[in-house]
Amino acid sequence: MPELPEVEVLVRHLRPLLQNKKVRRVEVRRAKVLAPTSVRKFARTLTHARFTGLRRRGKYLLFTLRGVNSRAPFMLVGHLGMTGRMYLLPTGSQLPKHAAVVLDLGRQNFIFEDTRYFGRLTLDQTATDRLGPEPLEAGFTPASLSKGLQRSGQPIKVKLLDQSLVAGIGNIYASEALFRAAISPFLPANRLKISEVARLWRAIRAVLNEAIGCGSTVPLDYPGEGKRDGLFYFGRAPGTPDFYEERLRVYDRADLPCPTCGTAIKRSVQAARSTFYCPKCQRRRA
DNA sequence: CACCATGTTCCTTG
DNA sequence: CCAAGGAACATGGT
């Protein structure tokens, strides 16, 4: 469940649950997710360490811990990839099939589960160095966005997925933001007018904030024990009202009516990924 | 069997 | 050096 809003909601959920919890034992079931950190170093560093903080940067989760013996604070960097999840389970409950890392916290286990193993839980921080500004913070402005788009002839939809432009937008919210800004996903990044950049800037923030707000008010099913998924995108925890389902205006809605004009939503492929848009509301200029 | 999937990195090409 | 495109990673759903 991984774009900025999902990670933000997860971070808010986990922060109080992990605060001051001590790692008693480390179980690495899929060493790949630690790379380039070795299993040995990971286990040695984390065992007996205590969680002191958790924040988000783009789609990354940044855990801070303090080692007991060394007292040296250190950072643990998490990324959910496409299918990653992080949650707590009572100690002793059966582990999910694709549990990649298990941290024994005493009464509970912290689980990092990832079906496809594209995610990460590592001591390596280099990936976060390449991230652009946080879209919901002051460093992200219409001017900074405009500057970032200047030298790129890539379609704006593809450019929005570039994490060095702005951190945290993924394939879903790229389509959603462009729909909200009424901009064609095919328009070259360096050809957006100032007014369009301004609209896109607002749309990005609105779309992300709306998604976070949605997640914050709905009791989400983190371990994914509900019927469908660990649902954030399309579903909900049992007992949650129906209207929380259709939060996305165009993503994965090919052939369904545009919420604004009723025209059928189209699906196209850009950079080997699906793009969804309304061909009427998001018409291309010359 | 075919194609699709919320992401990132690496390699090649120009 | 940089921009851009494509494959690779790995598993499961339809």
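Just so we're on the same page: letters track the sequence lines, and every chain starts at 1. Model, not experiment: these values are computed from the prediction.
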OP1 or OP2 of B/dG7 less than 4.0 angstrom from a side-chain nitrogen or oxygen of A/Lys59, does that happen here? yes
Counting just side-chain N and O atoms, does A/Arg273 come under 4.0 Å of either OP1 or OP2 of C/dG6? no
Rounded to whole angstroms, how far apart are OH on A/Tyr251 and P on B/dG7? 8 Å
Does A/Met75 belong to the same Ile/Leu/Val/Met/Phe/Trp/Tyr cluster as A/Val7, with side-chain heavy atoms less than 4.5 Å apart forming each link? no
Provide, to the nearest angstrom, the distance between the CG atom belonging to A/Leu161 and the C1' atom belonging to C/dA3. 16 Å
Within this structure, what is the CD-to-C1' distance between A/Gln150 and C/dA3, rounded to whole angstrom? 16 Å
When rounded to the nearest Å, what value does the distance between P atoms of C/dG12 and B/dT9 take? 24 Å
With no angle test and no hydrogens, is the base of B/dA5 tied to the side chain of A/Arg116 by a donor-acceptor pair under 3.5 Å? yes
So A/Gly119, base contact, sugar-phosphate only, or nothing? Heavy-atom distance under 4.0 Å. nothing
From B/dC4, C/dA4, C/dT11, pick the nucleotide closest to the side chain of A/Tyr117? C/dT11
Partner of C/dA10 under the Watson-Crick or G-U wobble criteria, both distances under 3.5 Å, comes out as none
note: A/Asp252, atom CG; C/dT14, atom P; distance rounded to Å ~ 12 Å
At their closest point, which heavy atom of A/Ile183 faces which heavy atom of A/Gln282, and how far apart are they? O-NE2, 3.0 Å
Would you say C/dA3 has OP1 or OP2 under 4.0 Å from some side-chain N or O of A/Lys159? no
Go through B/dC4, B/dG7, C/dT11 for me and flag the one nearest to the A/His79 side chain. B/dG7
Of A/Asp114, A/Ile111, A/Leu121, which is the lone residue that meets side-chain contact (heavy atoms from CB on, under 4.5 Å) with A/Met86? A/Leu121
Do A/Lys59 side-chain atoms and A/Gly81 backbone N/O form a donor-acceptor pair below 3.5 Å? no
Within the structure, does a side-chain N or O atom of A/Gln154 lie under 4.0 Å from either OP1 or OP2 of C/dA3? no
What is the distance, to the nearest angstrom, from the CE atom on A/Met82 to the C1' atom on B/dC4? 9 Å
For C/dT11 and A/Thr83 - does any side-chain N or O of the residue sit under 4.0 Å from the phosphate oxygens OP1/OP2? no
When you measure from the side-chain N and O atoms of A/Arg130 to the phosphate of B/dT9, is any distance below 4.0 Å, counting only OP1 and OP2? yes
Would you mind reading off the distance between A/Asp162 atom CG and C/dG5 atom C1', rounded to a whole angstrom? 14 Å
When all nucleic acid strands are considered with a 4.0 Å heavy-atom cut-off, which category describes A/Phe118: base, sugar-phosphate, or nothing? base
Whole-Å distance between C/dT11 C1' and A/Lys32 NZ? 11 Å
Of A/Leu131 and A/Ala272, whose nearest nucleotide on DNA chain B comes first from the 5' end? A/Ala272
Closer to the 5' end of DNA chain C via nearest nucleotide, is it A/Arg151 or A/Ala271? A/Arg151
C/dG12 phosphate, OP1 or OP2, under 4.0 Å from A/His98 side-chain N/O: yes
Minimum-distance nucleotide to A/Lys97 side chain [options: C/dA4, B/dC4, C/dG12]: C/dG12
Check the orientation of A/His98 and A/Tyr117. Use parallel for under 30°, tilted for 30 to 60°, and perpendicular for over 60°. perpendicular
Main-chain N/O of A/Arg25 paired to A/Thr47 side chain as donor or acceptor, under 3.5 Å: no
Whole angstrom is fine here: how far is it from CD in A/Glu3 over to P in B/dT8? 9 Å
